[in-house]
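Both backbone and side-chain heavy atoms feed into the values below; hydrogens, waters and symmetry mates do not. For the single chain, residues carry numbers from 1 onward in sequence order.
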Amino acid sequence: MRIDVVTIFPEYLAPLELSLVGKARTSGLLDLRVHDLRTWTDDRHRTVDDTPFGGGAGMVMRPDVWGRALDDVLTPEAHLLVPSPAGAPFTQRTAETWATEQHLVLACGRYEGIDSRVVEHYAARTRVTEVSLGDYVLNGGEVAALVVVEAVARLLPGVVGNPASLVEESHGAAGLLEYPVYTKPPSWQGHDVPEVLLSGHHARIARWRRDEALRRTAARRPDLLEALDAGEWDRHDLEV
Ligand SMILES: NC(=S)c1ccno1
């Protein structure tokens, strides 16, 4: 998979040289390219923004600069992603879908955002998705790009050492939150590991883990339970 990130702060993406994503790049599993938007400016001050039509505070990123950048970076199979508070929610399902793509391009806006004609122009030529991490405002799209790249890259075959670990993750099995996890020592500060996990009885352990995943999901994210088939479990199982 190829991922391009266009930003005025390329150094913001430096963490993607580390750990699993860094190894995926080194091994060739992920072709990640980070570009400085100012490469495509046309003045000695390397200007990327201007005042907003209609007035108001802040500056807007220029469509001409973005247009030259995206014309160079986009390929016919590319999916253009624009992080924005006004975007569609980014979820694990989104990551799973995007992990099957050949080419993702992330356009990181700053200031008050990118001139809206850029999305309009490229939507007529390629797949474009404005995407949001959540209902809050960041200073730009770079942090969202870090999240999207990590969430997608880790799903690529060969990136995570043990693929089985991808199955039982939060928002993984049946869309439930992950069950609680424990390791040695069996007792710590007066807190004991649940006995069932020391039993070696795999069926009981599996049942306990699913029950805990259901309880956590019901308590913290009841909205996720709406997506479950009601026939898969009895809500009375959750009475605590
Ligand atoms: N909530 C998101 S993704 C965002 C991008 C820029 N500001 O907020």
Side-chain angles (χ1 to χ4, degrees), residues 1-37 39 66 69-84 87-109 119 122-123 125-134 138 140-179 181 209 213 217 221 224 227-228:
M1 167 184 273
R2 174 180 165 180
I3 302 179
D4 289 79
V5 182
V6 184
T7 169
I8 59 171
F9 293 122
E11 61 275 18
Y12 230 108
L13 283 300
L16 297 177
E17 295 166 11
L18 306 173
S19 189
L20 287 180
V21 175
K23 289 175 183 166
R25 297 174 73 178
T26 305
S27 68
L29 286 172
L30 173 63
D31 175 8
L32 178 66
R33 309 176 193 189
V34 180
H35 310 272
D36 185 343
L37 178 67
T39 303
W66 272 107
L70 293 177
D71 284 350
D72 277 355
V73 170
L74 288 171
T75 58
E77 57 275 357
H79 187 172
L80 176 59
L81 310 176
V82 184
S84 163
F90 179 67
T91 69
Q92 187 64 23
R93 297 295 170 265
T94 315
E96 288 165 358
T97 300
W98 289 354
T100 66
E101 301 256 16
Q102 294 181 63
H103 187 196
L104 301 176
V105 176
L106 281 148
C108 298
V119 164
Y122 288 97
R125 291 156 177 79
T126 190
R127 288 171 298 145
V128 181
T129 300
E130 292 187 75
V131 58
S132 174
L133 297 188
L138 303 168
E142 287 79 9
V143 168
L146 286 169
V147 169
V148 169
V149 171
E150 172 152 326
V152 169
R154 64 192 299 279
L155 297 176
L156 299 176
V159 172
V160 170
N162 177 9
S165 65
L166 294 175
V167 174
E168 291 189 336
E169 292 183 319
S170 285
H171 306 274
L176 295 175
L177 299 185
E178 196 166 56
Y179 48 79
V181 292
R209 285 174 167 172
T217 308
R221 291 295 306 278
L224 293 179
L228 281 181

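- Considering CG of Leu20 and CG of Leu156, their distance stands at 11.0 Å, rounded to 0.5 Å.
- Of all heavy-atom pairs spanning Gly109 and Glu142, the tightest one is O-OE1, 4.2 Å.
- Pairing each heavy atom of Ala78 with each of Thr126, the nearest pair is O-OG1, 2.8 Å.
- Looking only at side-chain heavy atoms (C-beta outward), Val6 and Trp66 come within less than 4.5 Å of each other.
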Does the side chain to side chain contact (heavy atoms under 4.5 Å, CB included) test come out yes or no for Arg125 and Leu74, once each step is laid out? CA-CA 10 Å; Arg125 291 156 177 79; Leu74 288 171; over 6 Å; no

Would Val34 and Glu17 count as a side chain to side chain contact (heavy atoms under 4.5 Å, CB included) here? Give the steps. CA-CA 11 Å; Val34 180; Glu17 295 166 11; over 6 Å; no

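- The minimum heavy-atom distance between Leu224 and Gly175, with the atom names listed, is CD1-O, 3.6 Å.
- Residues Leu13 and Leu146 meet the side-chain proximity criterion, which asks for heavy atoms closer than 4.5 Å.
- With values rounded to the nearest 0.5 angstrom, Glu178 atom CD is found 9.5 Å from Arg209 atom CZ.
- For the pair Met1/Val152, a side-chain contact is recorded, criterion being any heavy-atom separation below 4.5 Å from C-beta on.
- Residues Ala107 and Pro83 share a closest heavy-atom pair of O-CD, 3.3 Å.
- More than 12 heavy atoms of other residues, nucleotides or ligands shown are found within 6.0 angstrom of CD on Glu77.
- For the atom pair CG (Leu176) and OG1 (Thr217), the distance works out to 4.5 Å, reported to the nearest 0.5 Å.
- Annotation: the span from Thr91 atom OG1 to Leu133 atom CG amounts to 11.5 Å, rounded to 0.5 Å.
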Does the pair Leu30 and Val159 meet the rule for a side chain to side chain contact (heavy atoms under 4.5 Å, CB included), with working shown? CA-CA 9 Å; Leu30 173 63; Val159 172; over 6 Å; no

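- Closest non-hydrogen pair, Ala95 versus Ala151, comes out as CB-O, 3.9 Å.
- Across all non-hydrogen atoms, the minimal contact from Ser84 to Ser132 is O-CB, 3.1 Å.
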Using the side chain to side chain contact (heavy atoms under 4.5 Å, CB included) rule, take Arg25 and Leu16 through it: C-alpha gap first, then chi angles, then the decisive distance, then the call. CA-CA 9 Å; Arg25 297 174 73 178; Leu16 297 177; 4.1 Å; yes

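- Summarising the geometry, atom OH belonging to Tyr122 is positioned 5.0 Å from atom CG belonging to Leu70; distances are rounded to the nearest 0.5 Å.
- Atoms CD1 and CG, on Ile8 and Asp36 in that order, are 8.0 Å from each other to the nearest 0.5 Å.
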Can His103 and Asp31 be said to form a side chain to side chain donor-acceptor pair (under 3.5 Å), step by step? CA-CA 9 Å; His103 187 196; Asp31 175 8; over 6 Å; no

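- Panel note: side chain Ser19, backbone Val21; no donor-acceptor pair is recorded below 3.5 Å.
- Atom CD of Glu130 has more than 12 heavy atoms from other residues, nucleotides or ligands within 6.0 Å.
- Here the options are Val73, Leu104, Leu32, the test is side chain to side chain contact (heavy atoms under 4.5 Å, CB included), and the partner is Val5; only Leu32 passes.
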